Amino acid sequence: MPSDDRMSDATGDLFNQFGGTKQLSKIVHDMYRRVLADAELAPFFENVEMSRLHRMQYQFLASALDGPADYTGAELTAIHRGRGITGHHFAIFCNHFADAAESHGISNAAIDAALGRLAVYKDRVTGDVSIDG
């Protein structure tokens, strides 16, 4: 990963730290290239219109990173229900996102901040029940 890990990286506008619209779009495309090459994840995307998925994922990520987005807030649980996605799959997917971001020069601090935001959605994607104690 890039060596620029200053804490200030995570305190600014995260969307801009990911390079804004053009760079985030490139990261999404790179991430899905990695996901589709992954034998564990590729089956989840059979018969999926990838251009639509790229747009939706971009909008979701832009929203999660505080960027301008037309994300509809589509219910993640309903979209992913019954697909057999586990926490293991979610982690692999997030690792592909992190690797794609790193390959585009995004700082470790920004990637870690983004992964922290994505972790909030794990239970919605996997359908797991989270009980606050």
Side-chain angles (χ1 to χ4, degrees):
M1 289 195 168
S3 61
D4 187 10
D5 285 348
R6 296 174 301 213
M7 289 302 291
S8 62
D9 283 353
T11 61
D13 177 8
L14 199 50
F15 180 75
N16 286 333
Q17 291 177 51
F18 269 78
T21 301
K22 280 188 165 187
Q23 189 72 354
L24 183 57
S25 181
K26 289 177 184 178
I27 291 168
V28 169
H29 283 279
D30 185 8
M31 174 188 69
Y32 277 111
R33 182 186 55 75
R34 295 164 189 264
V35 165
L36 293 174
D38 187 304
E40 284 191 78
L41 298 185
F44 291 112
F45 298 93
E46 290 176 3
N47 303 314
V48 171
E49 183 188 334
M50 292 308 293
S51 62
R52 180 175 181 270
L53 183 58
H54 284 212
R55 284 191 307 275
M56 289 174 54
Q57 186 68 251
Y58 168 84
Q59 292 297 329
F60 171 76
L61 287 170
S63 177
L65 301 177
D66 298 328
D70 294 325
Y71 183 63
T72 63
E75 179 50 48
L76 293 174
T77 303
I79 292 169
H80 296 94
R81 182 178 292 125
R83 294 182 178 255
I85 301 169
T86 66
H88 172 73
H89 299 122
F90 185 84
I92 294 170
F93 186 89
C94 288
N95 285 336
H96 287 307
F97 168 73
D99 290 345
E102 178 186 2
S103 76
H104 288 269
I106 308 306
S107 74
N108 289 337
I111 292 169
D112 288 347
L115 290 173
R117 291 187 183 191
L118 295 180
V120 171
Y121 298 98
K122 175 188 166 280
D123 290 345
R124 292 185 194 170
V125 171
T126 63
D128 293 340
V129 177
S130 178
I131 300 173
D132 293 328

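None of these values were measured; they are calculated from a predicted model.
- From S25, atom OG reaches atom CD of Q59 across 10.0 Å, with rounding to the nearest 0.5 Å.
- The side-chain contact (heavy atoms from CB on, under 4.5 Å) check on I92 picks up D38, E40, L41, H88, H96, with sequence neighbours excluded.
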For this session: Run the numbers on F93 and V125 for side chain to side chain contact (heavy atoms under 4.5 Å, CB included), then give the verdict.
Result: CA-CA 11 Å; F93 186 89; V125 171; over 6 Å; no

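- The heavy-atom pair separating I27 from A100 by the smallest distance is O-CB, 3.8 Å.
- Two residues are said to be in side-chain contact when any heavy atoms from C-beta on lie closer than 4.5 Å; V35 and F97 fail this criterion.
- D30 meets the side chain to side chain donor-acceptor pair (under 3.5 Å) test with R33, R34, S103, H104; sequence neighbours excluded.
- Counting only residues at least two apart or on different chains, the side-chain hydrogen bond (donor to acceptor under 3.5 Å, both in side chains) pairs with a member in residues 78-87 are T86-H89.
- The CD atom of Q57 sits 9.0 Å away from atom CG of L24, with the distance rounded to the nearest 0.5 Å.
- By the salt bridge (charged side-chain N to carboxylate O under 4.0 Å, His left out) test, K122 pairs with D128, sequence neighbours left out.
- Atoms CD1 and CG, on I79 and L53 in that order, are 9.5 Å from each other to the nearest 0.5 Å.
- Residues F18 and Y58 keep their aromatic ring centres 6.0 Å or farther apart.
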Exercise. So Q23 and K26, side chain to side chain contact (heavy atoms under 4.5 Å, CB included) or not? Walk me through it.
Worked result: CA-CA 5 Å; Q23 189 72 354; K26 289 177 184 178; 3.9 Å; yes

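- Counting only residues at least two apart or on different chains, no salt bridge (charged side-chain N to carboxylate O under 4.0 Å, His left out) pair has a member in residues 51-62.
- Across all non-hydrogen atoms, the minimal contact from A110 to L14 is O-CD1, 3.7 Å.
- Heavy atoms only, all atoms of each residue included: A62 and F15 are closest at CB-CE1, 3.9 Å.
- Qualifying side chain to side chain donor-acceptor pair (under 3.5 Å) partners for E46, counting only residues two or more places apart in sequence or in other chains: none.
- Taking the six-membered ring where the residue is Trp, Y32 and H54 present parallel rings, their angle staying beneath 30° rather than reaching 60°.
- I106 CD1 to D99 CG: the interatomic distance, rounded to the nearest 0.5 Å, is 13.0 Å.
- When all heavy atoms of S63 and A69 are compared, the pair lying nearest together is N-CB, 3.7 Å.
- Here the CE atom belonging to M31 is positioned 12.0 Å from the CG atom belonging to N95, to the nearest 0.5 angstrom.
- Every side chain to side chain donor-acceptor pair (under 3.5 Å) that N16 has, sequence neighbours left out, goes to D13.
- Partners of F60 according to the ring-ring contact (aromatic ring centres under 6.0 Å, His included) rule, which considers only residues two or more places apart in sequence or in another chain, are Y71, Y121.
- Under the ring-ring contact (aromatic ring centres under 6.0 Å, His included) criterion, F90 pairs with no residue, sequence neighbours left out.
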